[in-house]
Peer 1: 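The following block contains the structure, expressed as structure tokens.
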Amino acid sequence: MPVVLHVDLDQFIAAVEVLRRPELAGLPVVVGGHGDPTRRGVVATASYAAREHGIRSGMPLRTAAKRCPDAVFLPADNPAYEAASARVMDVLRGLPDVVVEVLGWDEAFLGVETDDAGAFAAAVQEAVHAATALHCTVGIGDNLLRAKIATGFGKPAGTYRLTRDNWFAVMGERPTRALWGIGARTARRLADRGLHTVADLAAADPAALAADLGPRMGPYLVQLGRGIGRERVDGTPWVPRSHGRETTFPEDLEDWADVRREVAALARTVAGELAGRPARRVGVKVRFVPFTTRTRSATLPAPTRDPDVLAAAAGEVLDRFPARRAVRLVGVRAEF
DNA sequence: TCTGGGGTCCTAGGACCC
DNA sequence: TCTGGGGTCCTAGGACCC
């Protein structure tokens, strides 16, 4: 029978760092930003030892340092993680008769035909560990949604099965926030309508939610509550929709001329990373002090890969921003 | 708690056209 | 005179995920 597996590497970024620095094994390791907790930045990944001190992904490095002053802070080394990720994905693609859909550096869905999903999941874990020394958790499901959520119950280094047969027993009384695709904001909007649990959401009227939350979003959320989702893993290579760069400055920029210079520089960097695909639109993001974020964008007269053209276009978009308070971040994004 | 950087998709209003 | 309806593109912002 067709089975969906969700493979998720355990504390991936921290694990990659420990592999090349074995003396860090078992220590609280925090990776993120420039590796300096006195500078602006957030936690990308914390090792399990660091998590025991209450350190979580997305937390400011400053806060992490307060919770665990003895933690080892390391800068993010994206090329190293990309290389490790590529090795893992190659292992997955090398498994017999499996379709692989990559979801991120440390995650992938596997579509496979098997009558013993548990044994297959164990084989996946062994193959990944043998080739990379990395541990992973495997969620087993009858669709992508259930496989993905199952992984959370199998951590670390285990497996878990979530299907139509145990969906409501496992998930029914949990908050809607436990669903993949429902964040804090949507959970609150649902709670305002009396929908607190997964079972509440599953029993809601799709048409009523459509009127409140949008024609696609409303019905989609009810499906989420029922554990219904895509069943077919799609192995076709991903084609990026956009590519961008953004920078948070160590000190806020007070002078708009500096902002202009940074936008131009980012636009040239982005142009150099387009990999042959011309940009059709360009977007500029500005985060003003204290934290108000605004975006502007424009369709280009003609698609371009030219750094000068992209930089000029980004500059024109920047000119359309009204307020000129101090700036803590700028970003430039090219859309294809 | 004083909040990174890289993305994706959805929504809604207005422009514009037939 | 003062107004239909559908389709598509553009744009800004929101929400979410890793």
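Hydrogens, waters and symmetry mates are skipped; everything else that's a heavy atom, side chains included, is used. Every chain is numbered from 1 and lettered A, B, ... according to where its sequence line falls, protein lines coming before strand lines.
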Peer 1: Rounded to the nearest Å, what distance is computed from the CZ atom of residue A:Arg56 to the C1' atom of nucleotide B:dT3?
Peer 2: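 For the pair A:Arg56 CZ and B:dT3 C1', the rounded distance is 17 Å.
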Peer 1: Step by step, would you call A:Asp116 with A:Thr114 a side chain to side chain donor-acceptor pair (under 3.5 Å)?
Peer 2: CA-CA 5 Å; A:Asp116 192 346; A:Thr114 178; over 6 Å; no
Peer 1: Compare the minimum distances between each of B:dG7, B:dT3, B:dG4 and the side chain of A:Ser242, then state the nucleotide with the smallest one.
Peer 2: B:dG7
Peer 1: Taking the side chain of A:Pro240 as heavy atoms from C-beta outward, which of B:dG4, B:dT8, C:dT11 is closest to it?
Peer 2: B:dT8
Peer 1: Around atom CZ of A:Arg320, are there more than 12 heavy atoms of other residues, nucleotides or ligands at under 6.0 Å?
Peer 2: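 Yes, CZ of A:Arg320 has more than 12 neighbouring heavy atoms, counting only those of other groups under 6.0 Å.
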Peer 1: How close or far is atom P of B:dC10 from atom CG of A:Leu224, stated in whole angstroms?
Peer 2: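 Whole-Å distance recorded here is 13 Å.
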Peer 1: Check the phosphate of B:dG4 against A:Lys285, side-chain N and O only, distance under 4.0 Å to OP1 or OP2. Yes or no?
Peer 2: no
Peer 1: Pick base, sugar-phosphate or nothing for A:Gly331, based on heavy-atom distances below 4.0 Å to the nucleic acid.
Peer 2: nothing
Peer 1: Closest approach of A:Val327 and A:Trp256, non-hydrogen atoms and distance?
Peer 2: CG2-CZ3, 4.0 Å
Peer 1: For the CZ atom on A:Arg281, are there more than 12 heavy atoms of other groups (residues, nucleotides or ligands in this structure) within a distance under 6.0 Å?
Peer 2: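 Enclosed: over 12 neighbouring heavy atoms sit under 6.0 Å from CZ of A:Arg281.
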Peer 1: Using OP1 and OP2 only, check whether a side-chain N or O of A:Arg177 sits under 4.0 Å from C:dC16.
Peer 2: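 Answer is no, no contact under 4.0 Å.
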Peer 1: Between P on C:dA12 and CZ on A:Arg287, what's the gap in Å once rounded to a whole number?
Peer 2: 18 Å
Peer 1: Closest approach to the side chain of A:Arg294, judged atom by atom: which nucleotide of B:dG5, C:dG13, B:dT11 is it?
Peer 2: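 Of B:dG5, C:dG13, B:dT11, C:dG13 is nearest to the side chain of A:Arg294.
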Peer 1: Could you tell me how far apart A:Leu209 (CG) and C:dA15 (C1') are, to the nearest whole angstrom?
Peer 2: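 Atom-to-atom, A:Leu209 to C:dA15, this comes out as 16 Å.
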Peer 1: Quick check on the helix from B:dG5-C:dC18 to B:dC18-C:dG5: what's the angle between its two end axes, five base pairs per end, to the nearest 10°?
Peer 2: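 Helix axis angle between the two ends: 0°.
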Peer 1: Any side-chain N or O of A:Arg189 under 4.0 Å from OP1/OP2 of C:dA15?
Peer 2: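 Answer no for this pair, as no side-chain N or O of A:Arg189 is under 4.0 Å from OP1 or OP2.
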Peer 1: Closer than 4.0 Å, any side-chain N/O of A:Ser297 to the OP1 or OP2 of C:dA12?
Peer 2: yes
Peer 1: Tell me whether the side-chain N/O atoms of A:Arg241 come closer than 4.0 Å to OP1 or OP2 in B:dG7.
Peer 2: no
Peer 1: Which nucleotide in the list B:dT3, B:dG6, C:dT11 gets nearest to the side chain of A:Arg245?
Peer 2: B:dG6
Peer 1: Nearest to the side chain of A:Asp106 - C:dC18, B:dT11, B:dG5?
Peer 2: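 Taking heavy atoms from C-beta onward, the closest nucleotide is C:dC18.
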Peer 1: Can you see if the side chain of A:Thr295 gets near the phosphate of C:dG13 - specifically, an N or O under 4.0 Å from OP1 or OP2?
Peer 2: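 Answer is yes, contact under 4.0 Å.
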Peer 1: Using only side-chain N and O atoms of A:Trp238, determine if any of them is under 4.0 Å from OP1 or OP2 of B:dT8.
Peer 2: yes
Peer 1: Considering only B:dT1, C:dA15, B:dG4, which nucleotide approaches the side chain of A:Thr63 most closely?
Peer 2: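 Among B:dT1, C:dA15, B:dG4, the one nearest the side chain of A:Thr63 is B:dT1.
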Peer 1: In whole angstrom, what separates A:His243's NE2 from B:dG6's P?
Peer 2: 7 Å
Peer 1: With a non-hydrogen cut-off below 4.0 angstrom, is A:Leu179 in contact with a base, only sugar-phosphate, or nothing?
Peer 2: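 Sugar-phosphate: the residue A:Leu179, judged by heavy atoms under 4.0 Å, touches backbone atoms but no base.
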Peer 1: Check for me: is A:Phe291 stacked on B:dT3 by the 5.5 Å centroid and 30° plane-angle rule?
Peer 2: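 A:Phe291 vs B:dT3: stacking yes.
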Peer 1: Round to the nearest Å and state the distance from A:Glu316 atom CD to C:dT11 atom C1'.
Peer 2: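 In whole Å, C:dT11 C1' and A:Glu316 CD are 16 Å from each other.
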Peer 1: Measure from the side-chain heavy atoms of A:Arg281 and tell me the nearest of C:dA15, C:dC18, C:dT11.
Peer 2: C:dT11
Peer 1: Considering only the P atoms, how many Å lie between B:dC2 and C:dC16, rounded to the nearest integer?
Peer 2: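 It works out to 23 Å between them.
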Peer 1: Counting any heavy atom closer than 4.0 Å, what does A:Gly41 reach on the DNA or RNA strands: base, sugar-phosphate only, or nothing?
Peer 2: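 Sugar-phosphate, no base atom in range.
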Peer 1: Tell me which of A:Gly214 and A:Leu329 sits closer to the 5' end of DNA chain B, going by the nucleotide each one is nearest to.
Peer 2: A:Leu329
Peer 1: Distance check: side-chain N/O of A:Arg296 vs OP1/OP2 of C:dG13, anything under 4.0 Å?
Peer 2: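 Answer yes for this pair, as a side-chain N or O of A:Arg296 is under 4.0 Å from OP1 or OP2.
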Peer 1: In Å and rounded to the nearest 0.5 Å, what is the SG to CG distance from A:Cys136 to A:Asp8?
Peer 2: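 CG of A:Asp8 is found 8.5 Å from SG of A:Cys136.
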Peer 1: So A:Arg67, base contact, sugar-phosphate only, or nothing? Heavy-atom distance under 4.0 Å.
Peer 2: nothing
Peer 1: Within a radius of less than 6.0 Å around CG of A:Asp192, do more than 12 heavy atoms belonging to other residues, nucleotides or ligands occur?
Peer 2: yes
Peer 1: Among A:Arg287, A:Arg328, A:Lys285, find the one that has a side-chain hydrogen bond (donor to acceptor under 3.5 Å, both in side chains) with A:Thr293.
Peer 2: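 Only one option passes, and that is A:Arg287.
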Peer 1: With a cut-off of less than 4.0 Å, is there a side-chain N or O of A:Arg62 near OP1 or OP2 of B:dT3?
Peer 2: yes
Peer 1: Side-chain N or O of A:Arg333 less than 4.0 angstrom from OP1 or OP2 on B:dG7?
Peer 2: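 Yes.
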Peer 1: Among C:dA12, B:dG4, C:dC18, which nucleotide sits nearest the side chain of A:Trp180?
Peer 2: C:dC18
Peer 1: Count the heavy atoms belonging to other residues, nucleotides or ligands that lie under 6.0 Å from CZ of A:Arg230, then report whether that count exceeds 12.
Peer 2: yes
Peer 1: Contact class for A:Thr247 (heavy atom, under 4.0 Å): base, sugar-phosphate, or nothing?
Peer 2: sugar-phosphate
Peer 1: Are OP1 or OP2 of B:dC10 and a side-chain N or O of A:Arg216 less than 4.0 angstrom apart?
Peer 2: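 Affirmative; the distance criterion is met.
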Peer 1: So do A:Trp167 and A:Ile149 actually touch side chain to side chain, heavy atoms under 4.5 Å?
Peer 2: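 A:Ile149 vs A:Trp167: side chains touch.
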Peer 1: Within this structure, what is the CZ-to-P distance between A:Arg328 and B:dC2, rounded to whole angstrom?
Peer 2: 12 Å
Peer 1: Starting the side chain at C-beta, find the nucleotide from B:dT11, C:dA15, C:dC18 nearest to A:Met217.
Peer 2: B:dT11
Peer 1: Expressed in angstrom and rounded to an integer, what is the separation of A:Glu107 atom CD from B:dT8 atom C1'?
Peer 2: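 Those two atoms, CD and C1', are 14 Å apart.
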Peer 1: Looking at A:Phe288, I'd like to know if the NZ or CZ of A:Arg294 sits under 6.0 Å from its six-membered ring centre while staying within 45 degrees of the ring's axis.
Peer 2: no
